[in-house]
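Residue numbers run from 1 in the order of the sequence given. Order of appearance sets the numbers: ligands from 1, and atoms from 1 within every ligand.
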Amino acid sequence: MKAAQYIKAGEIAYRDIPDTPLGDDEIRIKVAYCGICGTDLHIFKGHMDARVRAPQAVGHEISGIVAEVGKNVSDFRINQKVTVRPLDNCGKCNTCEAGFTHICEKLRFLGIETAGGFAQYWTVPARLVHHLPETLPLKLAALVEPLAVACHDVRRAELKPGDKVIVNGGGPIGMLIALCARAAGGMVTISEINEKRLALAHSLGFETVNPLRTDLVAKIRSETGGSGADIVFEVSGSEAGAKVMTELARPRGTIVMVAIFAKPVPVDLHKFFWKELRMVGARVYEYEDYEKAIRLVADKALPLESLISSVFPLNQLQNAFEYLTASPDAMKVLIQCNEEIK
Ligand SMILES: [Zn+2]
Ligand SMILES: [Zn+2]
């Protein structure tokens, strides 16, 4: 099969590689689309060489059809549409036993620690494969994985209809969180410094703020009788974002930590004490978040098409990474891995 393998920082090679052997409990998926995640871009830039065994195809945001099933797999048939929840947990640690398999202490992320979906075929454990409705376009289904992240974040927030919500950071995940939060009844404001992203958020009907031009804290306070927002999603990963989140939340408000901060940043803990704030971490997704994301895509409840910036063929993965690196405005970029399936 053809695969686009990560070789080293800045270098992808499109080449023939041998088929992976199919285990008894595994499914071989013919990949339709594989989205480029922020994590994949970090891999391309060489930031994650300690976790990625090169040469290896990465990628984990896929949609596709079943090409082959292992001997023990009973609930999947050839040609059924599927997606993958790429979290291979150990099933033995205390966290798995407690039911939190998505944050397993020995978690292996498929497509990072193992071969991934930037290839014509991807072979994965059947227990991580989700059925898709047969009418669902596979292009949109490639957004199920990042949408499941957003569903998980909104669930962790315990958002209630009517809640005032701030999303700090309007990239692909921030935008998906905003869409999910609005679908759950939240009144959402997106704070973002990139004007193109602000324009997109505005066109999707969100209230938007550029905190470099507008005093975000003053604005939110004036809109909430001086109190602040019920829920703040910190998605920017910036020091400014971490600084302002405790100001933005109302007394007893909730902060959801979505961004990946590579190193510690200052946080005003006095505000936590004074306002009795609650902060929850939110990492990846659980089974139910995937099922919820699949339902949202199938119901055409969200304008997901407008988040897809461009689609490249598999042999152009190198160009796709370079395009994303050079285009701070870009949202989701998809790689089409087999042209004949839709
Ligand atoms: Zn992802
Ligand atoms: Zn475990």
Evaluation steps, side-chain hydrogen bond (donor to acceptor under 3.5 Å, both in side chains), between Tyr33 and Asn338 | CA-CA 8 Å; Tyr33 294 91; Asn338 279 286; over 6 Å; no
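- You'll find the side chain of Val284 stays beyond 4.5 Å of the side chain of His152, heavy atoms only.
- Sorted by chain and number, the protein atoms of type N, O or S within less than 2.8 Å of the Zn ion (ligand 2) are Cys90 SG, Cys93 SG, Cys96 SG, Cys104 SG.
- Note that Arg85 lies outside the cation-pi zone of Tyr285, set by a 6.0 Å cut-off to the ring centre and a 45° limit from the axis.
- Heavy atoms of other residues, nucleotides or ligands lying less than 6.0 angstrom from CD1 of Ile193 number 12 at most.
- Glu97 and Thr95 share no side-chain donor-acceptor pair at under 3.5 Å.
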May I have the step-by-step check of side-chain hydrogen bond (donor to acceptor under 3.5 Å, both in side chains) for Glu105 and Asn94, ending in yes or no?
-> CA-CA 8 Å; Glu105 294 159 41; Asn94 289 334; 5.2 Å; no
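- Here the Zn ion (ligand 1) is the vertex; the SG atom in Cys37 and the OE2 atom in Glu61 give an angle of 90° (to 10°).
- For Glu145, the N, O or S atom with the smallest separation from the Zn ion (ligand 1) is OE1.
- Among pairs with a residue in residues 308-319, those fulfilling side chain to side chain donor-acceptor pair (under 3.5 Å) read Gln316-Asn319, Gln318-Glu322, at least two apart in sequence or across chains.
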